[in-house]
Protein chains: 2
Amino acid sequence: MAPRLNLSDIAKALGVSVATVSNALSGKGRVSEELARVIRAKAKELGYIPSLAGRALSTGRSQVLGLVLADIGHPLFPQFAQAIENAAAAAGYGVLIGDSRGEIDAQTRAINRLIERGADGIVVVPRHGTRIANIGHPIAVIDSPSTPGNTASADHWDGGAQIGAHLSALGHRSFAIIGLHSDSNVQNDRIGGIKAALPRQARVELLWIDELERKRGPGAELGLLRLIDKGVTAFAAVSDLHALRAVTELQRGGVSIPGDVSVTGFDDLIWAGVIAPTLTTMRMNMARIAELAIADLIRQIEGGRDSEDGVPHRPGGHAVPMELIIRQSSGPAPAAPAGKRPGGNPRRADNQANGSILEDTREGTDHKC
Amino acid sequence: MAPRLNLSDIAKALGVSVATVSNALSGKGRVSEELARVIRAKAKELGYIPSLAGRALSTGRSQVLGLVLADIGHPLFPQFAQAIENAAAAAGYGVLIGDSRGEIDAQTRAINRLIERGADGIVVVPRHGTRIANIGHPIAVIDSPSTPGNTASADHWDGGAQIGAHLSALGHRSFAIIGLHSDSNVQNDRIGGIKAALPRQARVELLWIDELERKRGPGAELGLLRLIDKGVTAFAAVSDLHALRAVTELQRGGVSIPGDVSVTGFDDLIWAGVIAPTLTTMRMNMARIAELAIADLIRQIEGGRDSEDGVPHRPGGHAVPMELIIRQSSGPAPAAPAGKRPGGNPRRADNQANGSILEDTREGTDHKC
DNA sequence: CATACTTGATTAAACGTTTAATCTGTGGTT
DNA sequence: AACCACAGATTAAACGTTTAATCAAGTATG
């Protein structure tokens with residue numbers, strides 16, 4: 001094992017002091033530009049890598065952030081992790097992951113564990129229905145603009161509005177909105193946005209999956225076919241996961257999408273561009289959200305004082321616009337509103353040859369294994 | 001900001017030396033049990049938290065592992081991350097994530113970045129078709145038993161065999177296997193296992209999605225209906241993602257699952273228990289795999305010598321059995337082998353009321369949002 | 001010309017832990 | 001009684017960096 005070289009090795013090699021080397025490399029103290037160049041060259045030549053441990057001990061900063069995703073089982077986790085890691089790396093920070101094991105209060109424990117581990121700050125994507133207690137440490141919350149204490153997040157309300165407008169423009173007038181549980185700010189924002197964008201005379205049915213499953217057991221049918229009988233022509237799910245569930249349930253019942261009804265989702269999860277029909281959905285700008293969250297976090301860590309920048313903390317945090325991804329699953333409302341369907345309606349069964357998917361802005365589906 | 005207390009605070013409070021406190025807390029040097037108890041009590045009373053930075057500098061160990069998932073977009077990422085984090089935490093290690101941005105050679109760079117950051121060891125789930133170069137650092141590879149250098153992984157071959165046996169037992173004789181690309185050891189193991197478990201007279205068609213998409217464009221139809229015409233009654237996909245694609249394509253074509261054909265996947269991804277029909281699939285024992293990988297890694301880190309334990313490094317690493325999850329999407333082969341279907345075959349359209357899903361061992365589907 | 005300021009460098013302390021080496025009694029052995 | 005071994009503690013050095021304080025010499029200022 002080659003003993004990693006340190007500042008004093010470089011100092012010795014050049015006959016200068018360690019402090020000078022440190023100053024030259026960090027550009028902080030007073031070093032002649034001439035000598036600084038020599039030192040930097042020598043450092044590169046020898047392949048010097050600073051010891052984070054030494055630096056951490058000296059400065060009291062670990063250059064590491066903690067990432068806590070409460071619902072770690074969420075399909076969006078990879079995107080979050082990647083975006084956060086990128087943004088953090090760009091700022092010179094590493095990312096330590098924390099697991100809350102899905103348990104409800106383990107979230108706080110996870111945060112504390114990360115702080116004990118020396119994380120300079122924490123990024124949290126909290127579990128629905130929980131509030132992040134104010135630790136005495138820098139923290140950034142990614143949740144929803146309507147959540148107090150939110151640092152940055154997608155503009156879920158606006159995302160919902162885009163979906164609502166899209167479906168309205170296609171002529172739909174009777175909607176079903178599919179959500180999971182009513183204590184999620186993210187979902188409520190999305191639903192609020194959808195509703196707000198629908199025309200006055202629209203009829204809206206609201207479906208909470210959690211509620212349904214409590215009654216009928218997990219994995220139960222959602223009973224979407226009955227809704228179609230009541231005239232619903234558009235199903236707006238609050239997540240692609242629920243949209244997927246809707247699509248398969250409908251297709252299994254012989255309903256054609258988007259011939260008979262339209263289905264939309266949220267989040268552009270990995271399979272959205274792969275299933276048949278491909279799914280119309282809303283995509284978050286993860287990279288931007290991560291950037292904003294990390295920037296805020298670093299400001300807290302390094303800024304020290306709060307009143308910096310003239311931006312103490314805006315109420316709802318930054319709201320990043322979402323992007324509408326139009327794919328095959330949404331189409332014009334059927335000319336004759338489906339209405340009562342007498343047993344087995346004649347439905348288009350083969351609209352799979354829809355031609356090329358020009359609307360799909362995703363650049364090469366990355367569904368690798 | 002309360003300046004975090006350190007060993008010398010405790011030492012001062014008790015009138016002993018720091019070394020004694022350190023020894024008492026770590027249980028290493030020579031301290032009377034009596035004094036040790038007093039010290040531990042005082043430490044707990046004051047809420048002492050050791051400084052990782054100080055320890056790291058002194059010992060040369062950061063107590064942090066790096067996790068590199070090449071295909072970070074993979075839906076399995078959350079499970080992996082969670083399992084690794086749990087196993088690492090149990091061993092007193094933190095987990096730093098590394099991102100290879102999906103780029104092909106960035107994998108090595110990601111590994112190096114983590115090592116530079118001070119990670120004591122690295123866990124890699126490599127990208128298909130890549131070999132992990134031997135860094136001079138402890139590393140654990142989670143890939144496939146057939147991969148040289150593999151540390152621990154699911155027994156993909158055996159998993160395939162279980163799927164093959166399951167479908168065979170259901171009476172199927174004509175199969176289509178759906179894979180993504182042929183340079184993945186994981187996929188090849190699974191496919192090999194499937195084939196090996198099929199009866200002698202079985203007919204097998206092999207489908208590579210990557211190849212198909214290169215010709216017909218991304219998101220193209222897989223042409224599964226034509227395969228049914230050729231007599232195929234069972235589609236075994238090498239990942240739930242592809243199984244999902246198959247299911248939607250088939251349902252869209254009016255094919256009943258599992259009435260007309262059976263479809264199986266791999267990995268038990270989050271939606272497998274949610275779509276209609278729920279998906280028969282193979283589940284990895286992530287927790288076990290992670291444990292083994294971490295254990296091996298820590299042995300490398302702390303063991304020092306290789307010839308420890310009498311287990312230098314077994315060729316294929318540990319192969320952890322997979323678990324067959326039988327759900328709705330697989331059923332008996334149709335009595336009359338579907339054979340040529342004249343235009344629109346009469347197919348069962350409503351088998352959704354399959355009753356309760358007794359075979360589903362998943363304990364409460366965690367498709368939260 | 002003495003003083004003050006500036007520049008470019010060095011010295012030394014500090015961060016908090018671990019650990020090898022050392023010291024000091026005490027009890028046992030010959 | 002002299003010696004040794006040993007348990008139980010302390011001292012001190014080391015890990016690698018940062019940074020405040022200091023110093024030496026050259027330059028400007030009165």
Side-chain angles (χ1 to χ4, degrees), chain A residues 1-40 42-43 46-64 92 115-118 120 301-302 304, chain B residues 1-40 42-43 46-64 92 115-118 120 301-302 304:
Chain A
M1 310 298 170
R4 206 153 93 151
L5 47 66
N6 49 22
L7 282 185
S8 82
D9 290 330
I10 301 181
K12 228 171 293 172
L14 289 168
V16 297
S17 74
V18 274
T20 301
V21 178
S22 173
N23 283 331
L25 294 181
S26 68
K28 280 193 174 167
R30 289 191 293 216
V31 187
S32 69
E33 182 49 40
E34 188 185 10
L35 179 53
R37 259 201 307 274
V38 175
I39 291 177
R40 280 193 295 264
K42 194 69 178 179
L46 298 179
Y48 169 70
I49 297 169
S51 154
L52 274 296
R55 180 175 294 170
L57 185 54
S58 180
T59 60
R61 300 256 178 74
S62 63
Q63 298 291 103
V64 164
I115 290 177
E116 290 178 10
R117 269 217 158 276
D120 293 334
I301 295 172
E302 296 176 354
Chain B
M1 312 295 170
R4 205 153 91 154
L5 48 68
N6 50 22
L7 282 186
S8 81
D9 290 331
I10 300 181
K12 227 171 294 172
L14 289 168
V16 298
S17 74
V18 274
T20 301
V21 177
S22 173
N23 283 331
L25 294 180
S26 67
K28 279 192 176 168
R30 287 192 296 214
V31 188
S32 69
E33 182 49 39
E34 187 185 9
L35 179 52
R37 260 201 307 273
V38 175
I39 291 178
R40 279 193 294 264
K42 195 69 180 179
L46 298 180
Y48 168 70
I49 298 169
S51 153
L52 274 296
R55 180 174 294 171
L57 185 55
S58 179
T59 62
R61 301 255 178 74
S62 63
Q63 297 291 101
V64 163
I115 290 177
E116 290 177 9
R117 270 215 157 275
D120 293 334
I301 295 172
E302 297 178 353

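Atom set for the values below is all heavy atoms of this structure, side chains included, hydrogens, waters and symmetry mates excluded.
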Sugar-phosphate only, base, or nothing, as touched by A:Ser51 at under 4.0 Å among non-hydrogen atoms: sugar-phosphate

Check: A:Gln63 main-chain N/O paired with A:Asp120 side-chain donor or acceptor under 3.5 Å: yes

B:Leu7 and B:Leu25: CA distance, side-chain angles, deciding distance, side chain to side chain contact (heavy atoms under 4.5 Å, CB included) verdict: CA-CA 10 Å; B:Leu7 282 186; B:Leu25 294 180; 4.0 Å; yes

Donor-acceptor contact present, side-chain A:Thr59 to main-chain A:Arg55, <3.5 Å: yes

Touch class at under 4.0 angstrom, heavy-atom based, for B:Val18 against every strand present: nothing

Touch class at under 4.0 angstrom, heavy-atom based, for B:Arg55 against every strand present: sugar-phosphate

Minimal non-hydrogen separation, B:Ala53 against A:Leu57, with atom names: CB-N, 3.9 Å

Pairwise 5' ranking along DNA chain C for A:Gly15 and A:Arg30, keeping only the more 5' one: A:Arg30

Ionic contact status for B:Arg40 with B:Glu33, cut-off 4.0 Å: yes

Terminal contacting nucleotides, 5' and 3', DNA chain C versus chain B (heavy atom, 4.0 Å): C:dG16 to C:dT19

Residue pair B:Asp9 / B:Asn6, side-chain heavy-atom distance below 4.5 Å: yes

Step-by-step side chain to side chain contact (heavy atoms under 4.5 Å, CB included) determination, B:Arg117 to A:Val64: CA-CA 10 Å; B:Arg117 270 215 157 275; A:Val64 164; 4.3 Å; yes

Interface with DNA chain C, restricted to residues 31-40 of chain B and to heavy atoms under 4.0 Å: none

Position toward the 5' end of DNA chain D (nearest nucleotide), B:Ser17 or B:Gly54: B:Ser17

Touch class at under 4.0 angstrom, heavy-atom based, for B:Thr59 against every strand present: sugar-phosphate

Shortest non-hydrogen separation from B:Ile301 to B:Arg61 and the atoms involved: O-NH2, 3.5 Å

Sugar-phosphate, base or nothing in reach of A:Ser22, heavy atoms under 4.0 Å: base

